[in-house]
J.: 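Encoded as C-alpha cells, here's the structure I'll be asking about.
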Amino acid sequence: MKRIVPSGLIVAIFALVSASSFDRAKVFRVKPQNERQVKFIKDLASIKQLDFWHPDSALHVVTHMEVDFHVSADQSRAVQTFMEQNRIQYEVLLHNLQEEIEKQFDGKKNFTARHCYTKYNSWDTIAAWTARIAKKYPKLVSRIEIGNTFEQRPMYLLQVGKVSGRKKTIFMDCGIHAREWISPAFCQWFVKQATRTYGKDKTMTYLLDNLNFYVLPVFNIDGYVWSWTKDRLWRKNRSNNSNTDCIGTDLNRNFNAAWGTVGVSDDPCDEIYCGTAAESEKETKAVATFIRENLHSIKGYLTIHSYSQMLLFPYGYTSRKAPNHDELNKVAEEAVEALSSMYGTKYKYGVSATIIYPTSGSSDDWAYDEGIKYSFGFELRDRGKYGFLLPQSKIKPTCKETMLAVMHIAKYVLNHAS
Ligand code: DDK
Ligand code: ZN
C-alpha cells in the first residue's frame, strides 16, 4: 500500500537538510576583567568569525560585561586556544549548537500547520492563526494589513479591544529580530489571553473596554522564515544590499532616531547594519507610517526582544534623560516587580544606553520622539543558559510573567496618558 508523505513533512525535511548546520558549533561566555581583555575580545572578533549574542557586537564589549558569542565548529578550537594562551577565563554555554537547536523543540518540532501557543509556530502557521482569531472573535479582534515585506509577504497587524469610539491605543511589536523566537510567541500569547479572559478577568476586561492594542506578531517576517528554513541564528531582514552579497539590514537600527550614529555599522555584512537611510527598509517604513497615521490615539509603544531579561526605556542614542525619565523609571520598576512576582524572575530595568548598550535608529526611541511618552523595550528570558534557543517548555512561564508587566504598563498608560 503506497504511503502518502504529508507535504508539510516534505517541506520540513527539506528545511532540515538545507538549513545550515551548527553541528559542534559552540557558544562561549567571557567576562573581561580589564581593558586588555576587552581589547583581546575585539581583536579576536576582527580575526575570527564571532557571532555576538550579547552584546550585539564587539563594538559594545566593556569590562565586567557578560559577553556571549557563537563560534562555528571549525573555529572553536582555535578560539579556545587563543583565550587560554591569553589567560581569558571563559565558560562554554552551549557545547553543540545543532543539538540545542533541535532540543529547543523538546523533540516536538511543530511541522504540522496546527497552531499552538506553547510551541514555536512557523510563519505560515502564525499567518493562518491571525485570520482565524479575527474570525473567531470579531467583536474583539480585527486584522489589518499594514504593508509588505521585502519578499512581498503581507504584514498582519491585529487590533485587539472592544470596538467603540475614540480609544487610547498601545502599539506592541514582536519579532523585529528573526532569531528571537520567544518574542513572536509572546505576542500570540497576549492575543490569546485577551480573547480568552475578556469578560472573565477584571483587569483584562477593563483594559479592553477602554484601550485598544495594535499587536504585530512578526515584524521581520522574511527574517523569521529564514531562521526557520535556512539559518536559525539570522537576525536582520532579507533585503539585498548593493555591491555585496551580504543580505539584510538590522530593522532596530533603521528607524529615524539619530539614524546612523551610535551603536550601528555601515557595513552590510554586519549584524547591526543600519541600512542606506532611515526607513530604507519596507518593514520599517510600513510600521513607521502606520504609527504616524495613528499618533492621535497611540499613547504607548512596546517592542519585544530577547534575551537578557531587561526592561528598557529611552534613550539609546543619547545619554540625555527623557523629559519624563522619573515616571518611566517608576513604571519600569513596578512592571518588573509585577513580572517577578510570578516566578521570581529577575529583570534589570532602566535607560537603554546604560542598561544594555548605546544604539541609534531603534524603534522605541523613534516612537518616543514621535510623541509616544510611554515607550518601552523588553528583553525576555533568559540570561544566556539557552539564549535565543529558549526551549518550548519555557514559553508558558515566560509569557505568563511578561503578561503581568505588560498589563501593568497598559493600566498606567490608560490612567495617565493624555
Ligand atoms: O536591538 C538591540 O540590539 C537590542 C534588542 Se536585541 C535592543 C537595544 C536597545 C534599544 C533601545 N533603544
Ligand atoms: Zn532583538
Side-chain angles (χ1 to χ4, degrees), residues 51-61 65-70 172-187 216 218-220 223-224 227 233-237 248-265 270-275 278 281 283-284 287 301-322 325 328 332 347-370 372 374-384 387-390 402:
D51 165 24
F52 281 86
W53 284 21
H54 190 85
D56 60 342
S57 78
L59 199 62
H60 292 131
V61 173
M65 173 189 260
E66 280 176 343
V67 178
D68 304 345
F69 54 88
H70 145 227
M172 177 165 70
D173 62 54
C174 290
I176 279 188
H177 289 139
R179 59 189 179 183
E180 300 165 12
W181 287 11
I182 188 63
S183 168
F186 175 70
C187 268
L216 185 64
V218 184
F219 189 137
N220 174 11
Y224 187 69
S227 73
L233 296 175
W234 191 258
R235 170 182 167 99
K236 302 188 286 181
N237 75 347
T249 289
D250 182 346
L251 298 174
N252 206 30
R253 302 290 182 281
N254 192 236
F255 281 81
N256 197 4
W259 177 84
T261 56
V262 294
V264 301
S265 166
D270 282 344
E271 292 290 0
I272 53 174
Y273 172 57
C274 56
E281 304 308 299
E283 298 89 350
T284 316
V287 169
Y301 173 78
L302 303 176
T303 186
I304 313 293
H305 291 260
S306 80
Y307 61 93
S308 59
Q309 296 175 201
M310 294 176 178
L311 181 50
L312 310 167
F313 53 85
Y315 284 110
Y317 68 76
T318 172
S319 53
R320 193 177 71 242
K321 273 193 176 171
H325 168 90
L328 291 172
Y347 262 60
K348 286 185 192 159
Y349 64 92
V351 172
S352 33
T354 34
I355 291 288
I356 190 166
Y357 37 74
T359 59
S360 59
S362 62
S363 61
D364 44 7
D365 285 357
W366 172 78
Y368 187 82
D369 285 347
E370 285 294 306
I372 302 172
Y374 302 105
S375 176
F376 295 92
F378 280 80
E379 288 276 16
L380 299 182
R381 289 197 197 184
D382 61 14
R383 284 201 284 196
F388 303 117
L389 306 177
L390 196 69
T402 307

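Note that ligands are numbered from 1 as they come in the structure, with each ligand's atoms numbered from 1 the same way.
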J.: If you count the atoms of ligand 1 from 1 in the order shown, which ones are under 4.0 Å from a heavy atom of H177?
T.: 1 (O), 2 (C), 6 (Se)

J.: Say whether H305, considering both its backbone and side-chain N or O atoms, lies within less than 3.5 Å of an N or O atom on ligand 1.
T.: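 For ligand 1, there is no N or O atom that lies under 3.5 Å from one belonging to H305.
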
J.: How is the N/O/S atom of H177 that comes nearest to the Zn ion (ligand 2) named?
T.: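 Sorting the N, O and S atoms of H177 by distance to the Zn ion (ligand 2) puts ND1 first.
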
J.: Within the side chain of R253, is there an N or O that forms a donor-acceptor pair under 3.5 Å with the backbone of V264?
T.: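 Side chain of R253 to backbone of V264, a donor-acceptor pair under 3.5 Å: no, none is there.
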
J.: For ligand 1, which atoms, with element, lie under 4.0 Å from some heavy atom of E180?
T.: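 It comes down to these atoms of ligand 1: 6 (Se).
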
J.: Report the part of R235 (side chain from C-beta onward, or backbone N, CA, C, O) that has a heavy atom under 4.0 Å from ligand 1; answer both or neither where that applies.
T.: side chain

J.: What are the two closest heavy atoms between Y307 and R381, and how far apart are they?
T.: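 Looking at all heavy atoms of both residues, the shortest contact is CB-O, 3.6 Å.
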
J.: In terms of atom number and element, which parts of ligand 1 are under 4.0 angstrom from non-hydrogen atoms of N252?
T.: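 Near N252, meaning under 4.0 Å from one of its heavy atoms, ligand 1 has 1 (O), 2 (C), 7 (C).
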
J.: Check D369, D365, T354, D364 against Y315 for a side-chain hydrogen bond (donor to acceptor under 3.5 Å, both in side chains) and give me the one that passes.
T.: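 Checked D369, D365, T354, D364 against Y315; only one passes side-chain hydrogen bond (donor to acceptor under 3.5 Å, both in side chains): D369.
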
J.: For a quick test of reading the model, state the closest non-hydrogen atom pair linking G223 to W234 and the distance between them.
T.: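 Closest approach of G223 to W234: CA-CD1, 3.9 Å.
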
J.: Which atoms form the tightest heavy-atom contact between F378 and L302, and what is the distance?
T.: CE1-CD2, 4.3 Å

J.: Show the atoms of ligand 1 that are less than 4.0 angstrom away from any heavy atom in S352.
T.: 11 (C), 12 (N)

J.: Taking only heavy atoms of E379, which atoms of ligand 1 are found under 4.0 Å from at least one of them?
T.: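 Per the distance check, 4 (C), 5 (C), 6 (Se), 7 (C).
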
J.: Which atoms form the tightest heavy-atom contact between P184 and Y224, and what is the distance?
T.: CG-CE1, 4.1 Å

J.: When you measure from atom 12 (N) of ligand 1 to every protein heavy atom, which one gives the shortest distance, and what is it?
T.: S362 OG, 2.7 Å

J.: Please list, in number order, the atoms of ligand 1 under 4.0 Å from a heavy atom of D365.
T.: 12 (N)

J.: Taking only non-hydrogen atoms of Y357, do any sit less than 4.0 angstrom from ligand 1?
T.: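 Yes.
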
J.: Any idea which heavy atoms bring F388 and S306 closest together, and the distance?
T.: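 Looking at all heavy atoms of both residues, the closest pair is CE2-O, 3.4 Å.
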
J.: In the protein, which heavy atom is nearest to atom 8 (C) of ligand 1, and how far is it?
T.: T359 CG2, 3.8 Å

J.: Any side-chain donor paired with an acceptor under 3.5 Å for E281 and N237?
T.: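 Checked: E281/N237 side chains pair up, N/O donor to acceptor below 3.5 Å.
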
J.: Is E379 close enough that one of its N/O/S atoms sits under 2.8 Å from the Zn ion (ligand 2)?
T.: no

J.: To 10 degrees, how wide is the angle ND1 (H305) to the Zn ion (ligand 2) to OE2 (E180)?
T.: 150°

J.: What's the shortest heavy-atom distance between F186 and M172, and which atoms?
T.: CE2-SD, 3.8 Å

